[in-house]
Amino acid sequence: MEDRILADAYNLKKLIREAEALADEAIIAMARLKQAMLAARQNPVIEVHTGQRALVRLTEAESQALSMSTSLLRVHDELSKVAHIHASGDSGVPTTIPPANLAMTPSEAKRERLSA
């Protein structure tokens, strides 16, 4: 049974890191997209307001991606706590996430204010 717990722990460790990396890649891709959009509208032939709504929507998507990333950090933190209890045979380095990094993002705080 101990081998199964350790195998599951290693698999979860790999998968959470993969999910976190994919979230980061999405944020990077959106940053590149925003940079390209801003560069494209600097063309003197293009009106300065062109693409403004798309930029606003992209900024919203970036905020949502950051919220997703923060949520994944919270998942990682919880899994680390579970691993400490149930997979203590894992001699790997434990994951320590500072509490400030688990704080609410601005969009989460706004949603909480609106739902209150």
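Positions are given from 1, in the same order as the sequence printed here. Quick note: numbers below take in every heavy atom, side chains included, and nothing from hydrogens, waters or symmetry partners. What you are looking at is a predicted structure, and each value in this text was computed from that prediction instead of being measured.
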Distance in Å, Gln64 CD paired with Ser69 OG, rounded so as to fall on 0.5 Å steps = 13.5 Å
Closest heavy-atom pair and its distance - Ala23, Leu72 = CB-CD1, 3.9 Å
Return each pair, listed once, that meets side chain to side chain donor-acceptor pair (under 3.5 Å) where at least one residue sits in residues 23-34; pairs must be two or more places apart or across chains.
-> Lys34-Thr59, Lys34-Glu62
Nearest-0.5 Å distance that lies between atom CD1 in Ile27 and atom CG in Leu22 | 11.5 Å
Hey, what else clusters with Ile46 if you join Ile, Leu, Val, Met, Phe, Trp, Tyr whenever side-chain heavy atoms sit under 4.5 Å?
-> none
Nearest-0.5 Å distance that lies between atom NE2 in His76 and atom OG in Ser71 | 14.5 Å
Hydrophobic cluster mates of Leu55, side-chain heavy atoms under 4.5 angstrom, ILVMFWY only, any path?
-> Met30, Leu33, Met37, Leu38, Leu58
Side chain of Thr70, backbone of Leu66: donor and acceptor closer than 3.5 Å?
-> yes
Sorted by chain and number, sequence neighbours left out, side-chain hydrogen bond (donor to acceptor under 3.5 Å, both in side chains) with Glu47 holds for His49
By side chain to side chain contact (heavy atoms under 4.5 Å, CB included) - contacts of Gln42 (at least two apart) = none
Nearest 0.5 Å, what's the CD-CG distance between Glu18 and Asn11?
-> 9.5 Å
The side chain to side chain contact (heavy atoms under 4.5 Å, CB included) partners of Val56 (sequence neighbours excluded) come to Gln52, Glu60
To the nearest 0.5 Å, what is the distance between NZ (Lys14) and CG (Leu12)?
-> 10.5 Å
